[in-house]
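One structure below.
Counting starts at 1 for both ligands and their atoms, in listed order.
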Amino acid sequence: MLLKGKSLIVTGGSRGIGRAIAVQAARHGADVLIAYRHESDAGYQRGDAAREVLAEIRTLGRRALALEGNVADPDYASALVEYAVQSFGRVDALASNAGVCPFHSFLDLPPQLLRDTVDINLNGAFFVTQAVARQMQRQGQGGAIVATSSISALVGDAMQTHYTPTKAGVHSLMQSCAIALGPYGIRCNSVLPGAIATDLNRQHLSDADQRSHLEKRIPLGRLGQPDDVGDCVVFLASDMARYVTGAALLVDGGMFVNLQ
Ligand SMILES: NC(=O)C1=CN([C@@H]2O[C@H](COP(=O)(O)OP(=O)(O)OC[C@H]3O[C@@H](n4cnc5c(N)ncnc54)[C@H](OP(=O)(O)O)[C@@H]3O)[C@@H](O)[C@H]2O)C=CC1
Ligand SMILES: C[C@H](O)[C@@H]1OC(=O)[C@H](O)[C@@H]1O
């Protein structure tokens with residue numbers, strides 16, 4: 001078990017990649033607090049998605065908690081840490097994963113959509129990382145922070161002009177935090193998923209031509225699944241990656257290098 005006895009906060013842990021991170025971490029022995037917001041257009045009743053994750057983790061014999069809120073609110077970031085410390089006694093790792101990606105064309109993109117996307121994806125990652133790092137510094141035993149950036153940190157997309165800069169920012173945040181937090185033994189790394197089949201892009205990938213175009217660009221021949229990313233996050237959060245900090249791990253089936 002790679003995370004035996006550890007306590008982990010996973011933002012965006014109710015669905016998709018975050019759910020996979022939370023469950024895989026529990027399989028490796030961690031207790032987990034998931035942060036979620038309740039996205040009504042994902043087709044769940046309020047809290048149902050989170051409750052499903054908690055139930056799955058508890059069947060694995062681990063403790064599981066959830067706290068609804070918005071990572072863009074720094075007070076919620078602090079509340080997450082306080083809840084984890086009250087319940088688990090400490091915070092050993094953070095998966096800063098929550099994010100949104102409403103596809104939209106550039107020329108008519110409304111200012112509020114840009115502000116909301118930056119607020120959640122980048123500012124939210126900053127606030128949660130800062131709150132958890134403060135707790136880890138108080139604990140004095142180091143820790144591991146893994147942010148979910150994206151292949152979109154490295155390449156663009158015409159319908160994601162408000163989104164790709166946030167993913168580049170998340171990766172850059174981890175690089176700077178790796179330097180700032182290294183003296184406290186806190187490691188900071190990013191995973192950069194490619195095209196992963198989740199609610200985030202369900203509509204986008206429901207277009208057969210779009211899906212086929214993507215699959216043809218992926219040397220492994222398939223879209224990623226959330227567990228493909230979850231297992232990589234568990235590795236980076238574990239002592240197996242004890243000398244890894246400031247790194248970026250592409251989890252894309254080879255899509256990024258397949259240009260010619
Ligand atoms: N899917 C993909 O192809 C890729 C995804 N990524 C990144 O992976 C991460 C997860 O994406 P994915 O699993 O696909 O997305 P999903 O839409 O499937 O899940 C998003 C999760 O984030 C939560 N969330 C959204 N906004 C907030 C908020 N303001 N505060 C707290 N929680 C919030 C949602 O909570 P709730 O359920 O309550 O709505 C949900 O748990 C994102 O950062 C995304 O940018 C990166 C590359 C590729
Ligand atoms: C939601 C998109 O399909 C997905 O999100 C990312 O970050 C990747 O670049 C993909 O575009």
Side-chain angles (χ1 to χ4, degrees), residues 9-22 33-53 66-77 79-80 95-104 116-125 127-128 146-171 173 190-207 210-211 213-214 217-218 223-230 232-233 248-253 255-256:
I9 294 175
V10 183
T11 68
S14 59
R15 292 183 289 117
I17 291 169
R19 172 172 183 156
I21 294 169
L33 167 60
I34 66 171
Y36 72 100
R37 171 183 62 165
H38 179 65
E39 179 59 70
S40 56
D41 71 8
Y44 288 88
Q45 292 302 314
R46 182 172 222 100
D48 282 358
R51 277 189 285 273
E52 283 181 16
V53 181
L67 186 65
E68 181 179 334
N70 182 350
V71 290
D73 174 1
D75 292 338
Y76 174 58
L80 279 170
S96 176
N97 166 80
V100 293
C101 180
F103 288 80
H104 200 293
D116 291 347
T117 305
V118 170
D119 216 11
I120 292 169
N121 293 4
L122 182 56
N123 298 349
F127 295 140
V128 178
V146 185
T148 307
S149 173
S150 165
I151 191 172
S152 293
L154 309 174
V155 292
D157 183 295
M159 298 294 283
Q160 296 179 300
T161 55
H162 54 309
Y163 170 82
T164 61
T166 70
K167 295 287 114 173
V170 165
H171 169 53
L173 172 66
S190 301
V191 287
L192 281 61
I196 313 297
T198 69
D199 294 334
L200 193 72
N201 54 31
R202 190 177 307 284
Q203 187 180 352
H204 185 58
L205 295 178
S206 64
D207 177 314
Q210 171 67 25
R211 188 184 184 100
H213 163 71
L214 267 179
R217 281 203 52 206
I218 300 170
L223 294 178
Q225 294 300 318
D227 277 356
D228 295 328
V229 183
C232 292
V233 173
L249 179 58
L250 265 170
V251 189
D252 69 344
M255 183 161 71
F256 176 71

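Residue contact check for ligand 1: Ser152 places no non-hydrogen atom closer than 4.0 Å to it. Between Ala72 and ligand 1 there is no heavy-atom distance shorter than 4.0 Å. Taking 4.0 Å as the cut-off, Thr11 does not count as a neighbour of ligand 1 on heavy-atom distance. Between Tyr163 and ligand 1 there is a heavy-atom distance shorter than 4.0 Å. Using a 4.0 Å cutoff on heavy atoms, Gly69 counts as a contact of ligand 1.
Panel note: side chain Asn121, backbone Val100; a donor-acceptor pair is recorded below 3.5 Å. Between the side chain of His162 and the main chain of Asp116, no donor-acceptor pair closer than 3.5 Å is present. With hydrogens and angles ignored, the 3.5 Å screen pairs no side-chain donor or acceptor of Asp252 with any backbone N or O of Pro193. Counting only distance, with no hydrogens or angles, the side chain of Lys167 and the backbone of Thr148 share a donor-acceptor pair below 3.5 Å.
For atom 28 (C) of ligand 1, the nearest non-hydrogen atom from the set His204, Arg37, Lys167 belongs to Arg37. Nearest-residue assignment for atom 43 (O) of ligand 1 (options Val71, Asp73, Thr148, Asn97; heavy-atom criterion): Asn97. The heavy atom nearest to atom 4 (C) of ligand 1, considering only Ala195, Gly194, Cys101, is found in Gly194.
Taking 4.5 Å as the limit, every side-chain heavy atom of Met159 sits out of range of all side-chain heavy atoms of His204. Using a 4.5 Å heavy-atom cutoff, the side chains of His104 and Thr117 are not in contact.
Considering both main-chain and side-chain atoms, Asn201 comes within under 3.5 Å of ligand 1 through a nitrogen or oxygen pair. Residue-to-ligand polar distances place Ile196 within reach of ligand 1: an N/O pair is separated by less than 3.5 Å. Among the atoms of Arg15, some N or O lies under 3.5 angstrom from an N or O of ligand 1. For ligand 1, the polar-atom distance check finds an N/O of Ser14 within less than 3.5 Å of one of the ligand's N/O atoms. For Ala49, no nitrogen or oxygen atom sits less than 3.5 Å from a nitrogen or oxygen atom of ligand 1, counting backbone and side chain alike. Residue Ala35 has no N or O atom closer than 3.5 Å to an N or O atom of ligand 1.
Here the shortest heavy-atom pairing between Ala153 and Ser149 reads CB-OG, 3.4 Å. Minimum heavy-atom separation, Ile151 to Gly194: CG2-CA, 3.7 Å. Heavy-atom minimum distance, Ala72 versus Phe127: O-CE1, 3.4 Å. Closest of all the heavy-atom pairs between Ile34 and Ala22 is CG2-CB, 3.9 Å. Here the closest heavy-atom approach between residue Tyr76 and residue Tyr36 is recorded as OH-N, 3.5 Å.
Close approach of ligand 1 to Val100 is summarised as follows: ligand atoms under 4.0 Å from at least one heavy atom of the residue are 25 (C), 26 (N).
In this structure, ligand 2 sits under 4.0 Å from heavy atoms belonging to Cys101, Phe103, Ser150, Ile151, Ser152, Gln160, Tyr163, Gly194, Leu200, Asn201.
For Asp228, the side chain to side chain donor-acceptor pair (under 3.5 Å) test picks out Arg222, with sequence neighbours left out.
The part of Ser149 lying near ligand 1 is the backbone, judged by heavy-atom distances below 4.0 Å. Residue-level proximity to ligand 1 for Asn70 is carried by backbone and side chain together, each with a heavy atom below 4.0 angstrom.
Within 6.0 Å of the CD atom in Glu68, the count of heavy atoms belonging to other residues, nucleotides or ligands exceeds 12.
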